[in-house]
Amino acid sequence: MASQPLRTARAGEFRAGDAGRDVRLAGWVDARRDHGGVIFVDLRDATGIVQVVLNPADEPAPAGVLRGLRNEFCVAVSGLVRERTPETVNPDLPTGGVEVAATRLDVLSPAEALPFQLDERAEVDEVRRLQYRYLDLRRPRMAANLAARSRAIRAMRGALDDAGFLEVETPTLIASTPEGARDLLVPSRLRPGHFYALPQSPQLFKQLLMIGGVERYYQVARCYRDEDFRADRQIEFTQLDLEGAFWGQDDVLATLEDIVAAVVSELRGVELTRPFLRLTYGEAMARYGTDKPDIRFGMEITELTDVFADTGFRAFGEAVEEGGVVRGINAGNQGLSRAGLDALVDRARELGAKGLVWLAVEDGGSLRSPVAKFLGDDELAGLAGTLQANPGDLLLVAADAEPTVSAVLGQLRLDLGRPKGHDELAFLFVVDFPVFDVGEDATLAPAHHPFTAPADVAEMRDHPETAVSRAYDMVLNGSELGSGSERIHDPEVQAKVFEILGIGAEDAQRRFGWFLEALRYGTPPHAGFAIGIDRMIAIIQGEPNIREVIPFPKTQTGGDPLTGSPSRVDPAQLSELGIELRPEVRAAWEEGD
Ligand code: ASP
């Protein structure tokens, strides 16, 4: 005899027209209310919630079982779907027009007292949530985020499949590559003293795929970077990685627009306006003080150096003489008290400014400021005109070396600016990044990664500090969603980049000889990108951090409170790997640290 199915219907599916159906459901007790003997259970499964009525007179289960029913018990219910009486209809629930009158209830699996309440209003410490992630995932918000993630990735795959891309997997035990972050290493047992690295990204493998004739590649790729933790970084994270041969920047950006539009249409049901805004790196830095501008509000940084070219005001004059700049923002009507304005000045100092000048625009248009008396009338007029000042506006001006002014005004703009709508998604591309970042000690590091093509090879040879690259970023609401570039496909140029980075020819040969060699066998020009999937979904879902859209994330300190990773291992495992702990590490180990 065929066994009974555990369920014949799902909780969230019922509508008024289902009245009269005999069904069997299975799920969890979301809530339980005892109304003078009759028990009402909100039964939840992955599709939603339906009300189940357990009337002891119908003997759906022994009285003790009904009495003992608690939240999060896993149960199966058989019964009849019926319309609710008009006064008991629950308009907040999609299934609120009906209920299931139970004829039988089986407890499939009882639940112990929960470590925290699952209802959405309960504020629970995050470490505790992660320790019991399997319970946390039962909350509607988390369930919705996981579903959104799955739908987003499906939409991405759909867009790429439509465009003729091949999904190709690349290894996760690889040789260490110079991509900027610290590698996570995995010791080899078969070759003690040798290590695999976990990929910071599939960068070199996707380039090898281009050399291998795979002209369109993508992968939902897990990546690993051993960086210090920040709110929106994880030691392991997921990228949508892609690459194309005979491709350039415009091809990549157009494909990215298609992918992102597909995701936003799936998750938000809105069609994005395309093409996205493109700013050069220089424009982004000058107008927003950052390479990841939030363009949901104006308050752009405005050049004022010319207005104060001959100023007698020392703070501005000195900055200009030393080659710095004077720039300002019109912060609009902030309604700040004197204490609030003082706090702004403190904030600017904290951000590295020597000072910050504020000017309040009075009703008649005159500027009130502690420093107004040091500024000439034409300077005040030039300032008000350039910043398009209106009565009530607050003007903020900083004078210093350009990077300092950008950093300070860029951050104040973010502190003070408010996006108009909560839901707005403002995508843009930043292009024309420099090839190298110049460090404090004048050392050069790749601004993107060392496989990025310079816009002009001769320019890079002669002036590496200022050379422009073919790298580009995608930005959403002030967060970097990903980066990419046209790649170097000439082994000589690649060797030159290593040389500029201070990686000697021998060293480069030893570490990346295999890659330099691969470039010598007819490498097509190619370009690509990687989107940070976690961050993209978090922002679209309106979540404050990426952990809310990662099923099993690590805490800020890199640990997993559920499984206890990272954890100590059996000394025998270490010895098999040829690893011995340093005495002080061993001592800390033994003390249980
Ligand atoms: N591999 C790069 C990264 O992870 C992205 C790319 O250049 O395609 O940032």
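Sequence positions, counted from 1, serve as the residue numbers for this chain. Both counts, for ligands and for their atoms, begin at 1 and track the order of listing.
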For atom 3 (C) of ligand 1, the option (of Gln200, Glu486, Arg225) bearing the nearest heavy atom: Arg225
Which of the ligand 1 atoms, numbered from 1, are nearer than 4.0 Å to a heavy atom of Gly484: 6 (C), 7 (O)
Ligand 1 atoms in contact with His448 (distance to a heavy atom under 4.0 Å): 6 (C), 7 (O), 9 (O)
Exercise: do Tyr217 and Asp241 side chains pair donor with acceptor under 3.5 Å: yes
NZ or CZ of Arg138 within 45° of Tyr132 ring axis and under 6.0 Å: no
Enumerated ligand 1 atoms positioned under 4.0 Å from heavy atoms of Lys206: 6 (C), 8 (O)
Numbering as shown, the atoms of ligand 1 that approach Arg487 to under 4.0 Å (heavy-atom distance): 6 (C), 7 (O), 8 (O)
Atoms of ligand 1 close to Gln239 [distance to a heavy atom under 4.0 angstrom, numbered from 1]: 3 (C), 4 (O)
Check: Tyr288/Glu300 side-chain N/O donor and acceptor closer than 3.5 Å: yes
Which residue and heavy atom of the protein sit nearest atom 5 (C) of ligand 1, plus the separation: Ser483 O, 3.3 Å
Heavy atom of the protein closest to atom 2 (C) of ligand 1 (residue, atom name, distance): Gln203 OE1, 3.5 Å
Under 4.0 Å to a heavy atom of Ser201 - the qualifying atoms of ligand 1, by number: 1 (N), 4 (O)
Intermediate values then yes/no, side chain to side chain donor-acceptor pair (under 3.5 Å), Asp534 and Gln234: CA-CA 10 Å; Asp534 309 302; Gln234 286 269 304; over 6 Å; no
Check: Asp161/Tyr218 side-chain N/O donor and acceptor closer than 3.5 Å: yes
Aromatic ring pairing Phe451/Phe512, orientation class (parallel under 30°, perpendicular over 60°, tilted between): perpendicular
Output field: ring centroids Phe429/Tyr472 closer than 6.0 Å: no
Numbering as shown, the atoms of ligand 1 that approach Phe529 to under 4.0 Å (heavy-atom distance): 8 (O)
